[in-house]
Every structure is written in C-alpha cells, then in structure tokens.
Student: 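Dumping the structure here so I can ask a few things about it.
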Amino acid sequence: MSYTTKVVQVTNVSPSTTSEQMRTLFGFLGTIEELKLFPPDDSPMPVTSRVCFVKFQEPESVGVSQHLTNTVFVDRALIVVPFAEVKKAKAAPSLMAESGPLPANREL
C-alpha cells in the first residue's frame, strides 16, 4: 500500500517512555525527520499514557512502522496508525476576529 503521509501516531505509550527511546525504536524503520512526545519528557504533570508523533523522511516507513502495532514496549502494547498531514492555511483577517477556540493544528 502506498502512503502519502510521512507521519504516524503512536498511542498507548507508557508514561515512563522517553522521546529518546521512541527515537531509537522507530529509527530502525527509517530516517526520522521529527518526533514529538506528548506530554513532553520534562512535563511536571503525572500522566497515565502518552502519545507520540513520528515524521519520517520517506512515506514507505509509515507502512513498515505499522507492524509495531501490539508490540509491547516498556510495559504497554503500542498502537501505530498513519496520521494525515494538514497543511497550514492562511486565514483571512476577518476570520481572526471571531471568538472561540481555533481549530487544532495537526501538522507535526
């Protein structure tokens, strides 16, 4: 299967997992452009689970990385799914004046 996205979302990540550990694990599957772990390593808040976004240089790495789904890493079975990249759109000035929350930025 051919993917247009270069990003995967990894859920059910153990709270004790570091971004360096995730970089090591996914680095075997392809060259990583960017990796974000939420909440970050230095977060003072206690968490029960984390989520990680990995952006590869090649879209083929997305398909390969999905094979890590159900792999127990630290103490949790990871769930790896492709994540659609959304390009930033330039909003018209009139839209900026409206109240309410801004749409979530899904770009990595």
Student: Using the rule that two of Ile, Leu, Val, Met, Phe, Trp, Tyr join whenever any of their side-chain heavy atoms come within less than 4.5 Å, decide whether Ile32 and Val13 are in one cluster.
Tutor: yes
Student: Can you classify the ring geometry of Phe53 versus Phe38 as parallel (below 30°), tilted (30 to 60°) or perpendicular (above 60°)?
Tutor: perpendicular
Student: My understanding is that only residues two or more places apart in sequence, or in another chain, count here; which of them pass side-chain hydrogen bond (donor to acceptor under 3.5 Å, both in side chains) with Ser19?
Tutor: Asp41
Student: Side chain to side chain contact (heavy atoms under 4.5 Å, CB included) with Pro40: which residues, sequence neighbours excluded?
Tutor: Asp42, Ser43
Student: Report the distance from atom CG of Leu37 to atom CZ of Arg50, rounding to the nearest 0.5 Å.
Tutor: 4.0 Å
Student: Ignoring hydrogens, what is the shortest heavy-atom contact between Ser49 and Pro39? Give both atom names and the distance.
Tutor: O-CD, 4.3 Å
Student: Output all residues satisfying side chain to side chain contact (heavy atoms under 4.5 Å, CB included) with Thr24, sequence neighbours left out; order by chain, then residue number.
Tutor: Glu20, Phe28
Student: So, for Leu25 and Leu29, which heavy atoms are closest and what is the spacing to 0.1 Å?
Tutor: O-CG, 4.3 Å
Student: Verify the cluster assignment for Leu78 and Val81: are they in a single hydrophobic cluster under the rule of side-chain heavy atoms below 4.5 Å apart?
Tutor: no
Student: Could you tell me if the side chain of Leu68 sits less than 4.5 Å from the side chain of Phe26, heavy atoms only?
Tutor: yes
Student: Report yes if the side chains of Phe83 and Val54 come closer than 4.5 Å at any heavy-atom pair, otherwise no.
Tutor: no
Student: Check whether Val47 and Ile79 end up in the same hydrophobic cluster, where Ile, Leu, Val, Met, Phe, Trp and Tyr are linked by side-chain heavy atoms less than 4.5 Å apart.
Tutor: no
Student: Return the SG to CD distance between Cys52 and Gln21, rounded to the nearest 0.5 Å.
Tutor: 11.0 Å
Student: Treating Ile, Leu, Val, Met, Phe, Trp and Tyr as nodes and any side-chain heavy-atom pair under 4.5 angstrom as an edge, say whether Leu35 and Val62 lie in one connected cluster.
Tutor: yes
Student: Under the criterion side chain to side chain contact (heavy atoms under 4.5 Å, CB included), I'd like the reasoning laid out for Phe56 against Val7: C-alpha separation, chi angles, the key distance, then a yes or no.
Tutor: CA-CA 6 Å; Phe56 293 101; Val7 180; over 6 Å; no
Student: Please list all pairs meeting salt bridge (charged side-chain N to carboxylate O under 4.0 Å, His left out) that have one or both residues in residues 5-19, counting only residues at least two apart or in different chains.
Tutor: none
Student: Sequence neighbours left out, what passes salt bridge (Lys or Arg N to Asp or Glu O under 4.0 Å) with Glu33? Give chain and number order.
Tutor: Lys55
Student: Considering residues at least two apart in sequence or located in another chain, which fulfil the side-chain hydrogen bond (donor to acceptor under 3.5 Å, both in side chains) criterion with Ser16?
Tutor: Ser14
Student: Could you tell me the separation between the NZ atom of Lys36 and the CE atom of Met22, rounded to the nearest 0.5 Å?
Tutor: 15.0 Å
Student: What's the shortest heavy-atom distance between Ala77 and Asn12, and which atoms?
Tutor: O-ND2, 2.7 Å
Student: Pair Thr31, Glu58 - check side chain to side chain contact (heavy atoms under 4.5 Å, CB included), show working.
Tutor: CA-CA 8 Å; Thr31 304; Glu58 298 296 325; over 6 Å; no
Student: Is it true that atom CG of Asp75 has more than 12 heavy atoms of other residues, nucleotides or ligands lying nearer than 6.0 Å?
Tutor: yes
